[in-house]
Number of protein chains: 2
Amino acid sequence: MNIGQAAEATGLSAKMIRHYEQSGLLQPTQRSAAGYRQYQPKDIEILKFIRRARVLGFSLADIAGLLALWQNPQRSNTVVKQVAQQHLAEVEQKLQELHAMKQTLQQMIAQCAADGGAHCAILQHLAKPQPLIKPTRS
Amino acid sequence: MNIGQAAEATGLSAKMIRHYEQSGLLQPTQRSAAGYRQYQPKDIEILKFIRRARVLGFSLADIAGLLALWQNPQRSNTVVKQVAQQHLAEVEQKLQELHAMKQTLQQMIAQCAADGGAHCAILQHLAKPQPLIKPTRS
DNA sequence: GCTTGACCTTACCATGTGGGTAAGGTTCAT
DNA sequence: ATGAACCTTACCCACATGGTAAGGTCAAGC
């Protein structure tokens, strides 16, 4: 199986498969006489593993660790869970940041007239932020 | 005002201020006889504008546009609003992706025993994904 | 005046996950 | 034999930011 077929079989690009090999995620595969990379079914499984982990947002460094654990019969699921929990924490952190951005953007947009005039609540806020949500009367 | 004071006054790093100048976000400032960048109060306002826009996740390219609009008395708030809405859409897109990751990660983690054994629902799922949520009986 | 430390300058490299391109070799079918 | 489709390596690019190195400048203290 050449790299193009491996790419199609896994949903990765040939470019990225080479990149993963060069980054040490994959052992260098066998090569044909002409130097073409040859992929065995086992290699395809590893590539699919990488792809699924990428979809979940794991970094290549994380994936290198997860692959090592996967291939180690003496692995401890405790370590795996820690990696996943750490990553989940980072995802949640980013969710919070994006949520804060979204809130502010929505409020700014809602206050912008968009009547073609020069007055603009968005620019005003960026120039000198005003409290967007009135503090609840205390 | 030297760049270090400008950095402290705006919350940016000196490094980034130079980068913004080099990227064309800022007009090159005046220089002292020795070549030190000199920041006027107006420059500080621009830097603060940039910082607030970065906090909201706008790209440097977006910010360049917003700055130009801000400084243009003939601006139309319609354009500003479009830029903000486009960015909001991207933020919402990323929020969705991260939310999907979070859901899957949480379910995988919940199914992982973490008892120090080799059996691991997380690795199992990455190796060959199983439906994590049982489809509602149909 | 000289030293010292804190500041400034430019120029380069690195990050991480890809995409693009160029110049060349290989394979296979016609 | 030729052409299309594939493969190879080796580059450059994005994006925002950090780091480092090698050197110039300024102000304070001795």
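First the proteins, then the strands, lettered A, B, ... as listed; each starts at 1. Values reported hereafter were calculated over all heavy atoms of this structure, with side chains retained and with hydrogens, waters and symmetry mates removed.
Of the residues in residues 53-70 of chain B, not one places a heavy atom less than 4.0 Å from an atom of DNA chain C.
Mapping B/Arg18 and A/Ala33 onto DNA chain C by nearest heavy atom places B/Arg18 closer to the 5' end of the strand.
In this structure, the CD atom of B/Glu8 is 14 Å from the C1' atom of C/dA6, given to the nearest Å. If you measure from atom CD of A/Gln22 to atom P of D/dA10, you get 9 Å, rounded to the nearest angstrom. Spacing between atom NE2 of A/His19 and atom P of C/dT15 amounts to 11 Å, rounded to whole angstrom units. What separates CD of A/Gln38 from C1' of D/dC6 is a distance of 12 Å, to the nearest Å. Distance CD (A/Gln5) to P (C/dT26): 19 Å, rounded to an integer number of Å. Rounded to an integer number of Å, the gap from CD1 of B/Ile17 to C1' of C/dC7 is 14 Å. Atom C1' of nucleotide D/dT17 and atom CD1 of B/Ile50 are separated by 15 Å, given to the nearest angstrom.
With hydrogens and angles ignored, the 3.5 Å screen pairs a side-chain donor or acceptor of B/Thr78 with a backbone N or O of A/Gly116. Listed for the B/Arg75 side chain is a donor-acceptor partner under 3.5 Å among the backbone atoms of A/Ala118.
No side-chain donor from either of A/Gln27 and A/Glu21 sits under 3.5 Å from a side-chain acceptor of the other. Between B/Gln124 and B/Gln111, the side chains place no donor N or O within less than 3.5 Å of an acceptor N or O (distance only, hydrogens not considered). Counting only N and O atoms by type, the side chains of A/Glu92 and A/Gln96 include no donor and acceptor under 3.5 Å apart. A donor and an acceptor atom, one from each side chain of B/Glu97 and B/Gln93, are located under 3.5 Å apart.
Residues B/Met101 and A/Leu56 come closest through the heavy atom pair SD-O, 3.4 Å. Minimum heavy-atom separation, B/Ser59 to B/Arg54: CA-NH1, 4.1 Å.
Contact annotation: B/Arg31 reaches the phosphate of C/dT10 (side-chain N/O to OP1 or OP2, under 4.0 Å). Side-chain nitrogen and oxygen atoms of B/Tyr20 include none within less than 4.0 Å of the OP1 or OP2 phosphate oxygen of D/dA16. Of the side-chain N and O atoms in A/Arg37, none sit less than 4.0 angstrom from OP1 or OP2 of D/dC7.
Contact check for B/Leu26 versus B/Leu47: side-chain heavy atoms found under the 4.5 Å cut-off.
At a threshold of 4.5 Å between side-chain heavy atoms, the hydrophobic network of Ile, Leu, Val, Met, Phe, Trp and Tyr places A/Ile3 and A/Tyr36 in two separate groups. In the hydrophobic clustering of this structure, A/Val55 does not group with A/Ile44; members are Ile, Leu, Val, Met, Phe, Trp, Tyr whose side-chain heavy atoms approach within less than 4.5 Å, directly or through other members.
In DNA chain C, consecutive stretches of 3 or more Watson-Crick or G-U wobble pairs with both distances under 3.5 Å are given as paired ranges: C:1-30 with D:1-30.
The side chain of A/Ile3 approaches D/dC7 more closely than any other nucleotide in the set D/dC7, C/dC8, D/dG18. Comparing C/dG18, D/dT17, C/dT9 by their nearest atom to the side chain of A/Met16 picks out C/dG18.
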Distances for protein N or O near nucleotides 21-25 of chain C N or O, under 3.5 Å:
from   : atom 1 : to      : atom 2 : distance (Å)
C/dT21 : O4     : A/Lys15 : NZ     : 3.3
C/dG25 : N2     : A/Tyr36 : OH     : 2.6

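Across all strands shown, B/Ser13 has heavy atoms under 4.0 Å from sugar-phosphate atoms exclusively, and none from any base.
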